[in-house]
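So the structure is just underneath, and the comments pick up after that.
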Amino acid sequence: MVPIDDAPLCRDGKVLILAYDHGLEHGPVDFEGVPESADPERTFEAATHPAVTSVAVQKGIAEAYYPSYEDDVDLLAKLNGTSNLWMGEPDSAVNCSVEYAAELGASSVGFTLYGGSNNEIEMAEEFREVQEAAREHDLPVVMWSYPRGQGLKNDTDPSTIAYAARLALELGADVAKVKYPGSRSAMEESVRMAGPTKVVMSGGSKTSDRAFLESVKRTIDAGGKGLAVGRNVWQRENPERILDALEAVIFEAATVDEALAAAE
């Protein structure tokens with residue numbers, strides 16, 4: 001583990017990653033509700049919001065759009081990802097090297113690990129190469145730690161989420177992106193299991209402003225260090241409004257009611 005509080009990925013020790021790797025992972029269906037969200041430039045514009053510490057994209061999006069925003073947006077390069085057309089046991093293709101991510105201007109890298117998948121061993125070995133190369137380039141590593149696979153009955157069970165956080169620590173990730181385990185106490189256990197690895201909540205599917213912010217608030221109160229969110233921001237007609245509210249909750253210790261009022 002290396003100190004990352006002063007890295008571009010963090011602001012005051014907290015993290016708000018705006019994730020936009022869904023076009024590969026989920027396909028066009030994620031853009032149907034707000035068709036203009038299919039334009040990556042819209043999300044890069046949202047990422048200029050002061051609450052956003054980094055935008056996470058695959059290398060093709062980074063190549064095409066990041067040069068126009070490199071002065072205003074911090075880049076997290078997502079190194080692996082697989083389309084929703086893939087129907088096999090959970091796996092994720094390595095699509096970008098750490099070295100190339102550094103050439104693109106990324107200040108951190110992200111990698112998905114499906115603990116519990118029949119492909120876990122190979123994915124962990126790929127993560128080892130990524131983590132060690134990232135250390136050589138002084139790039140923080142964010143693990144999308146998502147247990148899933150045919151042998152896993154419940155990928156949101158609190159004990160499973162805590163295990164996901166622990167996997168990130170054991171394998172050397174600086175930040176663990178995990179699903180919300182359903183309560184503050186369950187998130188506290190995930191944070192405890194992660195030790196010095198920063199735990200951030202995965203934003204998940206779009207929900208109401210209040211429900212979303214309440215889960216973020218409970219995560220912060222549990223010792224979590226922030227959020228890695230996509231759909232709950234860019235699937236909204238006004239991404240800036242929810243980012244205003246998230247800034248209040250994550251960086252200003254506001255209540256949900258205060259955050260919603262501030263975002264009006």
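- For Arg184 (side chain) and Asp221 (main-chain N/O), a donor-acceptor pair under 3.5 Å exists by modelled atom type.
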Exercise for the section: Begin with the C-alpha distance, continue with both residues' side-chain angles, and end with the deciding distance and a verdict on side chain to side chain contact (heavy atoms under 4.5 Å, CB included) for Tyr114 and Glu120. Expected result: CA-CA 6 Å; Tyr114 294 131; Glu120 177 187 327; over 6 Å; no
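- The nearest pair of heavy atoms linking Met143 to Ala168 is SD-CA, 3.7 Å.
- Applying the ring-ring contact (aromatic ring centres under 6.0 Å, His included) definition to pairs two or more places apart or across chains, none involves residues 235-264.
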Give every donor-acceptor pair under 3.5 Å between a side-chain atom in residues 175-183 and any protein atom, sequence neighbours left out.
unit_1 : atom_1 : unit_2 : atom_2 : d
Lys177 : NZ     : Tyr146 : OH     : 3.1
Lys179 : NZ     : Asp155 : OD2    : 3.0
Tyr180 : OH     : Ser183 : N      : 3.4
Tyr180 : OH     : Arg218 : NE     : 2.6
Ser183 : OG     : Ser185 : OG     : 3.2
Ser183 : OG     : Ala186 : N      : 3.1

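- A donor-acceptor distance shorter than 3.5 angstrom exists from the side chain of His49 to the backbone of Ala51, with no hydrogens or angles considered.
- In the hydrophobic clustering (ILVMFWY side chains linked at under 4.5 Å, chained through shared members), Leu85 stands by itself.
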Identify all side-chain donor-acceptor contacts of residues 10-19 below 3.5 Å with residues at least two apart in sequence or on another chain.
unit_1 : atom_1 : unit_2 : atom_2 : d
Arg11  : NH1    : Pro50  : O      : 2.9
Arg11  : NH1    : Glu247 : OE2    : 2.9
Arg11  : NH2    : Glu247 : OE2    : 3.1
Lys14  : NZ     : Ile250 : O      : 3.2

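- Between the CD atom in Gln150 and the OG atom in Ser117 there is a gap of 8.0 Å [rounded to 0.5 Å].
- The side-chain contact (heavy atoms from CB on, under 4.5 Å) check on Glu264 picks up Arg241, with sequence neighbours excluded.
- If you take CH2 on Trp144 and CG on Leu113, they are separated by 13.0 Å, rounding to the nearest 0.5 Å.
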Handout entry: Glu188/Arg192 under salt bridge (charged side-chain N to carboxylate O under 4.0 Å, His left out): CA gap, chis, key distance, verdict
Key = CA-CA 6 Å; Glu188 286 175 345; Arg192 187 173 78 88; over 6 Å; no
Can you give each donor-acceptor pair under 3.5 Å made by side-chain atoms of residues 100-109, sequence neighbours left out, with the distance rounded to 0.1 Å?
unit_1 : atom_1 : unit_2 : atom_2 : d
Tyr100 : OH     : Glu63  : OE2    : 2.4
Ser107 : OG     : Asp74  : OD1    : 2.6
Ser107 : OG     : Asp74  : OD2    : 2.9

Exercise for the section: Tell me, with the steps shown, if Asp174 and Arg135 meet salt bridge (charged side-chain N to carboxylate O under 4.0 Å, His left out). Expected result: CA-CA 11 Å; Asp174 302 298; Arg135 290 290 178 261; 3.0 Å; yes
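- A pairwise comparison of heavy atoms in Asn95 and Gly81 identifies ND2-O, 3.0 Å as the closest pair.
- Taking CG of Asp39 as the start and CD of Glu45 as the end, the distance is 9.5 Å to the nearest 0.5 Å.
- Without hydrogens or angle criteria, Asn232 side chain to Ser205 main chain gives a donor-acceptor distance under 3.5 Å.
- Using a cut-off of 4.0 Å between Lys/Arg side-chain N and Asp/Glu carboxylate O, Lys206 and Asp30 are scored as not salt-bridged.
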N/O donor-acceptor pairs under 3.5 Å from side chains in residues 121-133, not counting sequence neighbours:
unit_1 : atom_1 : unit_2 : atom_2 : d
Gln131 : NE2    : Gly172 : O      : 3.2

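- Scored by the side-chain contact (heavy atoms from CB on, under 4.5 Å) test, Asn154 finds Thr156, Asp157 as partners (sequence neighbours excluded).
- Interatomic distance, CD of Glu25 versus OH of Tyr20, reported as 14.0 Å (0.5 Å rounding).
- Here the closest non-hydrogen pair linking Ala46 and Val52 is O-CG2, 4.0 Å.
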Practice task
For Gln58 and Cys96, run side chain to side chain contact (heavy atoms under 4.5 Å, CB included): C-alpha distance rounded to whole Å, both residues' side-chain angles, the deciding distance at 0.1 Å, then the answer.
Solution key: CA-CA 8 Å; Gln58 297 282 348; Cys96 183; 5.9 Å; no
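- Cluster membership for Leu75 and Tyr69, using ILVMFWY side-chain heavy atoms within less than 4.5 angstrom, is shared.
- The aromatic rings of His22 and Trp234 lie perpendicular to each other, with more than 60° between the two planes, well past the 30° mark.
- For Leu167 against Gly115, the heavy-atom pair with the smallest separation is CD1-CA, 4.2 Å.
- Counting only residues at least two apart or in different chains, side-chain hydrogen bond (donor to acceptor under 3.5 Å, both in side chains) contacts with residues 82-93 comprise Asn80-Ser92.
- Of the possible polar contacts, none joining the Tyr66 side chain to the Phe44 backbone as a donor-acceptor pair under 3.5 Å is found.
- Pro3 pairs by the side-chain contact (heavy atoms from CB on, under 4.5 Å) definition with nothing, not counting sequence neighbours.
- Nearest heavy atoms, Thr255 versus Val249: O-CG2, 4.4 Å.
- For the atom pair CG of Leu171 and CZ of Arg166, the computed distance is 11.0 Å after rounding to the nearest 0.5 Å.
- The shortest non-hydrogen separation linking Val29 to His26 is CG1-O, 3.5 Å.
- For the atom pair CZ (Arg148) and OG1 (Thr160), the distance works out to 12.5 Å, reported to the nearest 0.5 Å.
- In terms of the salt bridge (charged side-chain N to carboxylate O under 4.0 Å, His left out) criterion, residue partners of Glu214 (sequence neighbours excluded) are, by chain and number, Arg210.
- Clustering of Ile, Leu, Val, Met, Phe, Trp and Tyr by side-chain heavy atoms under 4.5 Å joins Leu152 with none of the others.
- Within the 3.5 Å criterion, the main-chain N or O of Ile242 finds no donor-acceptor partner in the side chain of Asp209.
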